[in-house]
Amino acid sequence: MKLIYDLTCSELANLLKEWDEPAYRAKQIWQGLYQHLYNSPEQFTNLSKPLRQKMAENLNFMPFTVKVNQDSSDGQTRKTLFELRDGNLIEAVLMRYGDPADNPHPNPSPQNGRGASRRTLCISTQAGCAMGCVFCATGQVGFKRHLSSGEIVAQVMVYAQMLKQQNEAVSNIVFMGMGEPFHNYENTMASIDRLNDPDGYNFGARRFTISTVGLVPQIKRFADEQRQVNLAISLHAADDESRVEMLPINKRYKIDQVMEACEYYVMKTSRRVTFEWALINGINDTPEVAKKLAAKLRGLMCHVNAIPLNPTAGYNGKATDRQRAILFKETLEQAGIPCTIRMRRGIDINAGCGQLAGAVSE
Ligand code: SAH
Ligand code: SF4
């Protein structure tokens with residue numbers, strides 16, 4: 001059965017035409033799905049019973065089952081394990097920052113869900129990942145398959161539906177769950193287009209962030225498309241010798257090629273690039289490495305997001321402590337490169353960056 005979230009608005013319109021329904025029905029269904037966040041045909045009470053019946057017989061509203069919901073001990077982070085119809089497992093994580101009472105809004109929507117309180121949703125683009133980064137739990141699992149655009153969209157809809165019941169909304173979407181979004185380029189972009197549709201969910205382009213391990217041709221393609229979506233590059237090392245040990249993709253695309261693609265991106269979009277850096281004790285957190293990194297990034301409109309490494313079963317590097325992290329940040333900033341040290345979230349439920357492995361329990 002076709003997944004309803006896999007359809008573009010015009011594909012839905014074509015389907016309804018085949019069903020001999022008037023054109024405005026497609027719009028009603030689109031609005032029901034993406035504005036009212038309905039998740040089953042029965043909820044479309046503005047449609048005739050036979051049409052709802054036809055939808056139920058021909059369209060699937062849920063591409064997976066929720067296998068487990070896990071909340072962190074502080075209640076601010078929730079991880080969901082989804083089982084896809086073919087048995088593959090993917091995960092999504094919601095991170096709450098601030099209290100919605102800090103930023104009350106009588107009618108929460110993706111548009112006004114931002115401000116003092118944020119609801120950042122981290123979603124998957126693939127089951128597993130082919131890139132094999134050594135410190136990443138998904139990389140340790142290996143590649144299973146690409147997700148369809150609808151399977152990506154559905155992760156957002158499930159959380160949007162859940163938050164709506166609490167009078168809240170998703171405010172930011174990051175493609176930092178399982179998988180490499182640029183390895184599944186078409187479906188990832190199709191999911192953004194669907195969620196971005198002003199007649200549907202209307203989620204602003206600037207509130208998406210794509211994180212990539214550094215696939216150079218796709219970075220250039222993305223630059224050419226001039227989307228307003230934020231771009232983050234997982235760098236983690238300042239020279240090829242150390243990077244290739246952590247990120248095998250560096251055999252194919254060297255740091256200087258990634259840098260050149262980033263310069264092209266900034267030139268095309270006038271947008272800043274974020275570099276991600278998992279701080280690993282004694283490996284990439286020394287002032288010497290920070291200086292080397294600053295030299296690589298000099299002149300590029302960018303920002304470094306450093307996060308102490310999260311523990312994973314298959315890698316025995318240790319997280320950098322706070323003091324060393326601050327020294328790293330200060331060294332970078334003295335060399336003119338802005339840096340933020342990110343808080344680790346959801347570690348107690350293995351929901352931190354790179355901890356998603358699609359396992360029910362370890
Ligand atoms: N495949 C994409 C997006 C998913 S990973 C990418 O690699 O960018 C999201 C981020 O988590 C990446 O920056 C990745 O390098 C980082 N990451 C992976 N494993 C990690 C770990 N164990 N600790 C901290 N960050 C990690
Ligand atoms: Fe894949 Fe990103 Fe993990 Fe590397 S860090 S294995 S690219 S998910």
Side-chain angles (χ1 to χ4, degrees), residues 79 89-93 95 120-147 152 155 172-185 187-188 191 208-216 218-219 222 229-237 242-253 258 261-262 273-281 283-285 303-320 325 328 340-347 350-358 362:
K79 177 172 85 168
L89 301 171
I90 56 164
E91 291 174 285
V93 177
M95 289 159 283
T120 299
L121 182 61
C122 174
I123 55 173
S124 296
T125 54
Q126 299 176 317
C129 182
M131 301 297 141
C133 306
V134 296
F135 48 71
C136 169
T138 311
Q140 291 157 17
V141 166
F143 181 69
K144 306 289 186 199
R145 72 166 170 87
H146 294 304
L147 300 188
I152 300 172
Q155 296 168 61
N172 299 80
I173 296 174
V174 298
F175 291 88
M176 295 188 189
M178 295 172 77
E180 166 51 44
F182 279 178
H183 183 206
N184 188 15
Y185 193 92
N187 292 346
T188 299
S191 74
F208 290 98
T209 300
I210 291 189
S211 175
T212 174
V213 71
L215 304 185
V216 167
Q218 287 88 331
I219 296 172
F222 186 68
V229 170
N230 302 302
L231 179 65
I233 311 277
S234 300
L235 200 57
H236 307 305
S242 4
R243 192 166 188 263
V244 78
E245 279 178 24
M246 294 188 246
L247 283 67
I249 193 66
N250 202 84
K251 276 188 223 120
R252 174 114 50 109
Y253 304 115
V258 174
C262 289
V273 181
T274 298
F275 290 100
E276 287 164 285
W277 196 273
L279 287 162
I280 311 170
N281 191 46
I283 306 278
N284 65 356
D285 65 346
H303 177 266
V304 173
N305 252 339
I307 183 163
L309 181 81
N310 288 320
T312 57
Y315 182 67
N316 57 17
K318 297 272 174 297
T320 295
F328 185 85
T340 310
I341 300 176
R342 280 199 292 147
M343 256 196 313
R344 300 203 291 168
R345 297 289 300 256
I347 305 298
N350 283 345
C353 291
Q355 288 193 310
L356 307 183
E362 302 257 322

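If you read the sequence from its start, that first residue is 1, and numbering goes on from there. Each ligand, and each atom within it, is numbered from 1 in the order the structure gives.
In this comparison of C133, C353, G139, the heavy atom closest to atom 26 (C) of ligand 1 sits on C353. Of the candidates G314, A232, S234, S124, it is S234 that places a heavy atom closest to atom 7 (O) of ligand 1.
Residue contact check: G139 has heavy atoms under 4.0 Å from atoms 6 (S) of ligand 2. Close approach of ligand 1 to L309 is summarised as follows: ligand atoms under 4.0 Å from at least one heavy atom of the residue are 21 (C), 22 (N), 23 (N). Those atoms of ligand 1 that come under 4.0 Å of a heavy atom in G177, given as number and element, are 4 (C). Close approach of ligand 1 to T212 (heavy-atom distance below 4.0 Å) involves ligand atoms 6 (C), 8 (O). For ligand 1 and H236, the ligand atoms under 4.0 Å from any heavy atom of the residue are 13 (O), 14 (C), 15 (O). For ligand 1, the atoms sitting less than 4.0 Å from at least one non-hydrogen atom of F175 are 3 (C), numbered in the order shown with element in parentheses.
Residue G179 has at least one N or O atom closer than 3.5 Å to an N or O atom of ligand 1. Residue F135 has at least one N or O atom closer than 3.5 Å to an N or O atom of ligand 1. Checked by distance only, ligand 1 and E276 come closer than 3.5 Å through their nitrogen or oxygen atoms.
At least one donor-acceptor pair closer than 3.5 Å links the side chain of N184 to the backbone N or O of L147. Although no hydrogens or angles enter the test, the distance criterion places no donor-acceptor pair under 3.5 Å between the side chain of N284 and the main chain of A237.
Inter-residue side-chain proximity for T188 and I152 is flagged as met; some heavy-atom pair is nearer than 4.5 Å.
With C122 as the fixed residue, the side chain to side chain contact (heavy atoms under 4.5 Å, CB included) test singles out one of E91, Q155, M95: M95.
The proximity of I233 to ligand 1, defined as any non-hydrogen pair under 4.0 Å, does not occur for either the backbone or the side chain. Only the side chain of T312 comes within 4.0 Å of ligand 1, counting heavy atoms alone; its backbone N, CA, C and O stay farther away.
Nearest protein heavy-atom neighbour of atom 1 (Fe) of ligand 2: C129 SG, 2.3 Å.
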